[in-house]
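Accompanying notes for the structure given below.
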Amino acid sequence: MLISIDEKAVKWFTNEFEINTVRMYPQYDGFGEKHKGFSLAFSAESPSNIGFTKEINGINLYVEGNDVWFFEDTETYLSYNDEIKEIQISFKNTDAVN
């Protein structure tokens with residue numbers, strides 16, 4: 001599991017959430033790039049059972065233990081898209097060959 005966030009995306013999180021702890025989680029929405037029916041969502045809340053955490057420039061991004069399945073065997077890239085002025089998410093599958 002790898003989660004990468006560019007500097008502009010970090011600034012977006014700072015402005016959007018106005019706190020330094022952000023939960024990343026799968027949200028059922030009927031479509032999704034990585035898992036059919038799920039997309040990546042964010043919320044400003046404190047962790048209860050951290051499965052993964054990453055700190056970048058004072059922003060603590062975390063995934064709860066029961067949500068780690070969404071990120072397994074995956075590189076997740078968060079970047080800021082200047083045209084739409086929003087976070088852009090992309091995934092790269094890293095399934096290990098047995």
Side-chain angles (χ1 to χ4, degrees):
M1 173 184 344
L2 169 87
I3 298 175
S4 176
I5 305 142
D6 72 16
E7 289 296 320
K8 286 183 178 181
V10 170
K11 289 178 186 176
W12 181 87
F13 278 107
T14 302
N15 294 336
E16 194 73 20
F17 289 95
E18 298 179 355
I19 63 167
N20 67 349
T21 303
V22 177
R23 177 182 176 199
M24 300 171 54
Y25 63 98
Q27 175 178 302
Y28 185 75
D29 64 5
F31 67 93
E33 183 181 334
K34 166 111 175 96
H35 294 285
K36 186 175 180 162
F38 292 90
S39 64
L40 184 57
F42 308 98
S43 66
E45 59 185 273
S46 298
S48 62
N49 179 27
I50 293 177
F52 175 84
T53 187
K54 183 168 188 166
E55 187 274 328
I56 298 175
N57 292 344
I59 300 290
N60 296 301
L61 297 155
Y62 75 93
V63 176
E64 289 286 350
N66 60 337
D67 292 332
V68 170
W69 63 268
F70 184 81
F71 300 92
E72 289 176 336
D73 301 321
T74 303
E75 294 176 1
T76 303
Y77 299 94
L78 306 172
S79 58
Y80 183 78
N81 183 317
D82 288 314
E83 290 180 23
I84 62 172
K85 298 187 183 339
E86 289 288 336
I87 290 290
Q88 181 171 318
I89 303 161
S90 60
F91 301 99
K92 179 180 177 188
N93 192 347
T94 60
D95 284 336
V97 177
N98 293 330

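Every value quoted in this text rests on a predicted model; they were computed, and no experiment measured them. Residue numbers run from 1 in the order of the sequence given.
Interatomic distance, CZ of Phe70 versus CZ of Phe52, reported as 14.0 Å (0.5 Å rounding). Considering CZ of Phe38 and CD of Gln27, their distance stands at 10.0 Å, rounded to 0.5 Å. Taken to the nearest 0.5 Å, the CD atom of Glu64 stands 6.0 Å off from the CG atom of Asn49. How far CZ of Arg23 is from CD1 of Ile50: 11.5 Å, rounded to the nearest 0.5 Å. Distance check: Asp6 CG to Tyr80 OH gives 10.5 Å after rounding to the nearest 0.5 Å. Here the straight-line distance linking atom CH2 of Trp12 with atom CD of Gln88 works out to 12.5 Å at 0.5 Å rounding.
One hydrophobic cluster, built from ILVMFWY side chains closer than 4.5 Å, holds both Met24 and Val68. Using a 4.5 Å cut-off between side-chain heavy atoms of Ile, Leu, Val, Met, Phe, Trp and Tyr, with links allowed through other members, Phe42 and Tyr62 fall into different hydrophobic clusters. Residues Tyr28 and Ile89 fall within the same hydrophobic cluster, defined by Ile, Leu, Val, Met, Phe, Trp and Tyr side chains chained together at heavy-atom separations under 4.5 Å.
Panel note: side chain Thr74, backbone Glu72; a donor-acceptor pair is recorded below 3.5 Å. Remark: side-chain polar atoms of Thr76 are not paired, donor with acceptor, to backbone N or O of Phe91 under 3.5 angstrom.
Two residues are said to be in side-chain contact when any heavy atoms from C-beta on lie closer than 4.5 Å; Leu40 and Leu78 meet this criterion. Put simply, the side chain of Leu61 reaches to within 4.5 Å of the side chain of Phe13, judged on heavy atoms. Contact check for Lys8 versus Asp82: side-chain heavy atoms found under the 4.5 Å cut-off.
Glu75 meets the side chain to side chain donor-acceptor pair (under 3.5 Å) test with Tyr77; sequence neighbours excluded.
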Check against side chain to side chain contact (heavy atoms under 4.5 Å, CB included), Val22 and Glu16: CA-CA 10 Å; Val22 177; Glu16 194 73 20; over 6 Å; no

